[in-house]
Amino acid sequence: MAGGSSVLEDDSTLSKLDQRLHKIEMVLALVSGFAVFATMVFAVVSVSGRNAINMPVPGYVDWIEQLMPLIAFMGIAYTQRDGTHIRMDILIGRLSGRALWAAEFITTLAALILMILLVWGSWEHFQRSFDFGRPWWSNDSSIDIALPIWPAKLLVPVAFSTLCLRFALQLWGYGRAFIFGLSDPVAVPMIKSAAQQAAEEAAMLDSDT
Amino acid sequence: TEWNVSVWGKRRAFTEHVEKLAELVSEKTDGEFTMNVSYGGLSKNKENLDGISIGAFEMAQFCAGYHRDKNPTITVLELPFLGVNTLDEEVAVSHAVYGHPAVQADLARWNAKLLMTSPMPQYNIVGTGEPRDSLAKMDGMRVRATGGIGKAFSAVGAVPTSVTATEAYNAMESGVVDTVAFAQHAHLAFRTIDQAEWWTANLNPGTVNCPVVVNVDAYDALSDKEREALDSSVDEAIAHYLTNYGELLTKWEGILAEKNVTKVTLSDAELDAFRAKAADPIREAWIADMTAQGIPAQELYDLVMDTLKKQRM
Amino acid sequence: MEPIQIGMVVSGIMVLFVVLGMRVAFAAGMAGLVGLVWIFWAKFGYAPDKLGKAITVSVKVAGQVPHSKVSTQALSLIPTFILIGYLAYYAGLTKALFEAAKRWVGWLPGGLAVATVFATAGFAAVSGASVATSAVFARIAIPEMLANGYDKKFAAGVVAAGGTLASLIPPSAILVIYAIIVEQDVGKLLLAGFIPGAFSAIIYGLLIVTLALILPNFGPPVRGFTWAERFKALPPAMPIFFVVFIIIFFIYNPFGGDAWGTPTEGGALGAFVVFLMAIWKGMRWAQFRDALLETAKLAVMIFTIIWGVLIYVRFLGFADLPGAFSDFITGLEQSPMLTLVMILLAYAVLGMFMDAIGMLLLTLPVVYPAVMALNGGEMVSAADSAFGMSGPMCAIWFGILVVKMAEFCLITPPIGLNCFVVAGVRPEVSVQDVFKGVAPFFIADAITIALLVSFPWIVLWLPSQV
Ligand code: NA
Ligand code: NA
């Protein structure tokens, strides 16, 4: 069950698109990270407010629930880009060449189809909560302080669309690798052993202290 | 015909009418029309209306206060201090409101037809320490109460505090809240009664309204015999619910005694003062707000009051 | 086809795609969606013109799940616990702990290895993730053990095993996930992990001392620290105790009286203290940004698998598979304890090939109701139950058991992730070395699990005080 991998880059169109999308993905992932930080600060403010001046943050639970989709979805394409989403590579780790690219192509295609359908499904979910004709355009609200829920629901199809773009690029990368029988294709995560991965993780920590 | 029914939690007093309805309908149609009641397997409770609208299942239960904007019209039944005193009265006012065309149109947006209510008693509070038996003592009190009831408490200076129902016990134990407002069965289910030293017997600040709805297309697709079986079973199912909840209320008295929980009674003067501070302004704000949205708010409120009057004659 | 059969076929499809290397989150989501379409189309009598409608309904049902399941306050604990771990590293807590443990217990036979176990246990009190704990300690503890003449296989094994403590000792991301899947009290579960975690650490420690006494060249004790030096090593490690203290007091006040808040708040406050500490220790924007990005990546990975699997679970709900499995388990004509032990063994086998979170998410929706039914139902009293404990207590006990199983799987071949990580961090140690070195700890873990199964009060005593 290994995850993280490296992505090769060159100056082909595919790789340029990959790098451009990567920049966007990174910004979105940072938004996820800051949302984590915000929930932490928010809890501290709520605890202090309650204990110091008997003023808990009104609707604290409602606000946290609105923040959660930011944390959970915004970084989804960033996480796919380098292959952090976990999988079992016990079989695929033994394949190489065209057999490997074919397997990757098939599973990526299946995932892309799933995500396109989920963009549709989550968009419908957003639409049911949204109505131009109502105050705050809201057709669904939170339990305690009646926050409109549609902004949080809208995040899902938006984030899923970036993941679809990522999958499309990876599909292109794997297809190219299959057709030309490449050994080191660009724009797709290269499988690394868990050991390599751990070494890099450690290196990351090293470089910072 | 086989219907999927989405409710949540565990089988309890609150779901007994649904179980009874399934039983009756199957009996009356010799097993031709059956209902599978699913406790949380088909949907999250706050999304049962979405599921009905999608057509994922044919029948569902939900509470209006979970999502005011999904069902603005029924929130009239969750206004504080409506003066509903018994479960029978709760059934009468609920079903009167469910029959109003504006309410039916509101729910039709979800492709839903209101079938029956799940009458809930008033949300009285349990607490520890000195009983909060006057408005002055409620000032600064941290209370777990949502929606209209939460607003009512904040009108008298209490601090409504967000915790989920499942966290209510911990929140009370840890002092995150001083008091918790629930119906009796929920005080039992979420064990807030185990923390309590007192319970307000006559504060009666309001309750939540939890209808059972059916998908309109599924309802229309029933054969005449099946539809008749369904419609004719509603009153019986409600009667069963009331008997069952009645037993629970008797048991409640026993539990209060057993756990040595004091029944706190507020004086009429205090209750009047509470109503003046909370009920009137919140109701007026609700009417203004809903009227602005094109909902016949005043009419709905009057309907509740008239029904209550008729019920008491 | 009956819904149960559809459930089996769709589960088979999912396993196939997981083996083919599809990311688990998407394989589960896809299987769930396919299953929903199948169920709805079957409901429409497989009429060809109704396939479109079945797909539409299924996509809309599946499309609800990601937002619906993720917007839960209790889940906000997971990213907070991950962030704490990264910040603790930048706050220098890892080194401080190891140094303190070395000075205090280094004199024991196999002293440095014992110190490593206790330091990982201490770090576990701020870190919610096992793999990260092993990675961090591989860099600090292994070189020191090697310099003191410890066997390299064994030095690596100690770190790999020590890392697993992080998921039992609170905070623990995986215990939060369990609590959420089975809808039990997060605070009590976290509390319940405390004693089994400490207990595991002590059993590891005893094992090391025993081995050091038996094997002559195991590794020398580290002596010669004065009491003054010992006490001097404590203050830098203090923030750990402060964080533990905060989290405990926010779950349960050991002195009676009110706890200080909810577990969610305690976790957040703990993270905040470590954050301030990291800034004080010189963490700057670049490191903070990396910590946030790494936290986001790990959190998103976990959340994606959560909603992906929950789409599959939603399908299982429509197929009523959990109910059927639970009927099957309770219908077995053998002692409930034997059935439970078989379930735990099945986890040991499954865990050889899967990672802990994925394994729990995939199996619990079906296995958990079955285990609860085996005990006599969710609301059963201790007197009427099969395992001699009430429904809620059984939920906690089983949770600790499966999490301990999942942790056990982090050090078993062929895919023991902690072992790979340790070998990856230390180029001089091969994966085979780590697996050899960690082997004695299988025995320790097997003993621990047997004790937790035989004496449930080890798990249940602390949560029952609340
Ligand atoms: Na931990
Ligand atoms: Na393993």
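All values below were derived from every heavy atom in this structure, side-chain atoms included, with hydrogens, water molecules and symmetry-related copies excluded. In what follows, chains are A, B, ... by sequence order, proteins preceding strands, each numbered from 1.
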Looking at [options], which has the largest count of heavy-atom pairs under 4.5 Å with chain C?
{"options": "L91(A), D62(A), L67(A)", "answer": "L91(A)"}
{"options": "A35(A), G75(A), P157(A)", "answer": "G75(A)"}
{"options": "L118(A), V41(A), V119(A), L155(A)", "answer": "L118(A)"}

As an exercise: rank [options] by heavy-atom pairs under 4.5 Å with chain A and give me the winner.
{"options": "P66(C), G29(C), S134(C), G267(C)", "answer": "P66(C)"}
{"options": "L292(C), V19(C), I302(C)", "answer": "L292(C)"}
{"options": "K281(C), K60(C), Q64(C), M30(C)", "answer": "Q64(C)"}

*Output, in order, the C-alpha distance, side-chain angles, deciding distance and verdict of side-chain contact (heavy atoms from CB on, under 4.5 Å) for V59(C) and E124(A).*
CA-CA 9 Å; V59(C) 166; E124(A) 290 282 338; over 6 Å; no
Exercise: identify the closest heavy-atom pair between [X] and [Y]:
{"X": "G21(C)", "Y": "T107(A)", "value": "C-CG2, 4.4 Å"}
{"X": "V44(A)", "Y": "A268(C)", "value": "CG2-O, 4.0 Å"}
{"X": "P69(A)", "Y": "H67(C)", "value": "CG-CD2, 3.8 Å"}
{"X": "M68(A)", "Y": "V70(C)", "value": "CB-O, 3.4 Å"}
{"X": "A296(C)", "Y": "S32(A)", "value": "CB-CB, 3.7 Å"}

*Minimum side-chain heavy-atom gap L293(C)-M26(A) below 4.5 Å*: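 The answer is yes, as the side chains (C-beta and beyond) meet within the 4.5 Å cut-off.
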*Is atom CZ of R134(A) surrounded by more than 12 heavy atoms (other residues, nucleotides or ligands) closer than 6.0 Å?*
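Enclosed.
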*Heavy atoms from other residues, nucleotides or ligands near CH2 of W63(A) exceed 12 (cutoff 6.0 Å)*: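 Incorrect, the count does not exceed 12.
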Check whether [X] gets within reach of chain A through its side chain, its backbone, both or neither, counting any heavy atom under 4.5 Å.
{"X": "I311(C)", "value": "side chain"}
{"X": "L20(C)", "value": "both"}
{"X": "T295(C)", "value": "side chain"}
{"X": "T56(C)", "value": "both"}
{"X": "I305(C)", "value": "side chain"}

Which value, rounded to the nearest 0.5 Å, describes the distance between [X] atom [atom1] and [Y] atom [atom2]?
{"X": "T304(C)", "Y": "H85(A)", "atom1": "OG1", "atom2": "NE2", "answer": "4.0 Å"}
{"X": "F303(C)", "Y": "I71(A)", "atom1": "CZ", "atom2": "CD1", "answer": "6.0 Å"}
{"X": "E265(C)", "Y": "F42(A)", "atom1": "CD", "atom2": "CZ", "answer": "11.5 Å"}
{"X": "T39(A)", "Y": "Q73(C)", "atom1": "OG1", "atom2": "CD", "answer": "10.0 Å"}
{"X": "L298(C)", "Y": "T79(A)", "atom1": "CG", "atom2": "OG1", "answer": "9.0 Å"}
{"X": "I149(A)", "Y": "S71(C)", "atom1": "CD1", "atom2": "OG", "answer": "7.5 Å"}

*Aromatic plane relationship, F288(C) with F37(A) - under 30° parallel, 30 to 60° tilted, over 60° perpendicular*: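 Correct class here is perpendicular.
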*Relative to each other, are the rings of F26(C) and F167(A) parallel, tilted or perpendicular (30° and 60° limits)?*
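Perpendicular: the ring planes of F26(C) and F167(A) meet at over 60°.
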*Is there a donor-acceptor contact under 3.5 Å from the side chain of R23(C) to the main chain of Q80(A)?*
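Looks like no, no N/O pair under 3.5 Å.
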*Given L83(C) and M40(A), is the side-chain contact (heavy atoms from CB on, under 4.5 Å) satisfied, shown in steps?*
CA-CA 10 Å; L83(C) 185 62; M40(A) 182 183 92; 4.0 Å; yes
*By a 4.5 Å heavy-atom criterion (distance strictly below it), what part of L163(A) contacts chain C: side chain, backbone, both, or neither?*
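The answer is the side chain of L163(A).
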*Does any heavy atom of chain C fall under 4.5 Å from the side chain of Y60(A), the backbone, both, or neither of them?*
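When you check distances to chain C, only side chain atoms of Y60(A) fall under 4.5 Å.
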